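Both counts, for ligands and for their atoms, begin at 1 and track the order of listing. From a predicted model like this one, the values you see are computed outputs, not experimental measurements.
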Amino acid sequence: MSLRLGDIAPDFEQDSSLGRIHFHEWLGDSWGVLFSHPADFTPVCTTELGLTAKLADEFAKRNVKTIALSVDTQEHHVDWIKDINETQAAKVGFPILADGDRKVSQLYDMIHPNASETVTVRSLFVIDPKKKVRLFITYPASTGRNFDEVLRVIDSLQLTDNYSVATPGNWKDGDDVVIVPSLKDEEVLKQKFPKGYKAIRPYLRMTPQPNK
Ligand code: BEZ
């Protein structure tokens with residue numbers, strides 16, 4: 001059965017380029033990004049993993065651990081990491097799961113047989129510190145993902161978990177946000193949004209990002 005938002009991300013134990021990983025234990029109190037790619041030593045995947053490595057500080061700032069996956073072997077991963085580091089001017093410090101037995105791929109529904117019977121598509125899951133799935137995206141093998149978008153969604157999730165706001169289309173960190181429609185009490189609005197807000201419609205109220 002496929003995973004849905006709010007479900008607990010399945011726990012697993014699997015080998016990786018950095019040794020055996022017990023997933024929930026490895027996540028600890030961090031957020032997680034678990035993402036699959038079709039195969040090692042392929043061009044798009046090489047750029048994606050290089051990008052993730054170069055964004056390490058951005059992920060760390062948000063308390064996010066990243067972990068990649070393909071069905072290739074641990075030895076392949078270790079060799080490929082040398083190539084990624086060399087060609088992408090990066091330093092891959094995160095683990096790549098060696099999911100040769102498809103254990104994790106099946107738990108997270110990462111193999112889409114009508115796309116490929118044998119390898120994983122580009123699935124990506126954002127998991128919160130309570131181990132809940134908060135985002136999933138699936139891209140075809142031919143399209144590399146936008147990791148700035150992944151960071152943008154994590155910013156939105158972390159903001160909206162802490163304030164009574166939601167983020168509008170194309171929002172990015174620092175832009176105005178919308179007040180959740182369920183919040184109507186004037187006194188509560190004043191207290192929660194001391195910078196004020198603009199009611200364009202009763203249901204469409206914009207306010208400066210509260211944590212800035
Ligand atoms: C790639 O990562 O470059 C790739 C993998 C599978 C199919 C097409 C491209």
Side-chain angles (χ1 to χ4, degrees), residues 1-5 9-10 12-21 23 26-27 30-60 62 64-127 133-155 157:
M1 200 190 82
S2 57
L3 286 169
R4 294 180 175 163
L5 296 184
F12 58 81
E13 229 182 297
Q14 185 58 288
D15 292 328
S16 84
S17 54
L18 296 179
R20 194 89 181 149
I21 300 264
F23 188 51
W26 176 83
L27 282 169
S30 300
W31 288 69
V33 171
L34 167 65
F35 63 109
S36 58
H37 56 270
D40 294 0
F41 297 102
T42 51
V44 177
C45 304
T46 300
T47 61
E48 286 194 320
L49 270 74
L51 269 171
T52 306
K54 284 193 272 193
L55 289 170
D57 289 347
E58 292 300 320
F59 283 112
R62 293 163 176 83
V64 180
K65 289 182 175 176
T66 57
I67 182 164
L69 172 150
S70 79
V71 299
D72 294 293
T73 64
Q74 192 174 12
E75 294 72 34
H76 250 89
H77 287 344
V78 171
D79 277 351
W80 181 41
I81 286 169
K82 292 179 203 147
D83 262 13
I84 300 169
N85 290 345
E86 213 175 299
T87 61
Q88 307 302 303
K91 191 164 180 351
V92 172
F94 55 87
I96 308 177
L97 292 165
D99 199 40
D101 60 5
R102 276 55 169 180
K103 180 165 58 181
V104 182
S105 313
Q106 277 162 8
L107 274 175
Y108 284 81
D109 202 18
M110 290 164 164
I111 295 181
H112 296 196
N114 290 324
S116 167
E117 290 276 359
T118 50
V119 298
T120 44
V121 291
R122 295 187 198 285
S123 295
L124 183 148
F125 295 83
V126 173
I127 297 157
V133 174
R134 301 296 299 276
L135 169 79
F136 53 84
I137 55 172
T138 306
Y139 275 43
S142 52
T143 308
R145 287 158 286 201
N146 184 332
F147 287 83
D148 291 333
E149 168 64 0
V150 175
L151 288 169
R152 189 190 77 89
V153 180
I154 292 168
D155 283 341
L157 289 168

- Query: Just distances here: any N/O of Ser142 and N/O of ligand 1 closer than 3.5 Å?
  - Reply: no
Quick note on ligand 1: atoms under 4.0 Å from a heavy atom of Arg122 include exactly 1 (C), 2 (O), 4 (C), 5 (C)
protein heavy-atom neighbour closest to atom 3 (O) of ligand 1 works out as Val44 N, 2.6 Å
When distances are taken from atom 6 (C) of ligand 1, the protein heavy atom at minimum range is Ala141 CB, 3.8 Å
Would you check the N or O atoms of Pro38, main chain and side chain alike, for any that come under 3.5 Å of an N or O of ligand 1? no
Hey, what's the ring geometry for Phe147 with Phe35, parallel, tilted or perpendicular (30° and 60° as the breaks)? perpendicular
- Salt bridge or not for Arg62 and Glu58, using N-O below 4.0 Å? yes
TODO: May I ask you to decide if the ring planes of Phe41 and Trp80 are parallel, tilted or perpendicular, using 30° and 60° as cut-offs?
DONE: tilted
| query | Ion pair present between Asp79 and Lys82, side-chain N to carboxylate O less than 4.0 angstrom? | reply | yes
Does the plane of the ring in Phe23 sit parallel, tilted or perpendicular to the ring in Tyr108? Use 30° and 60° as the thresholds. perpendicular
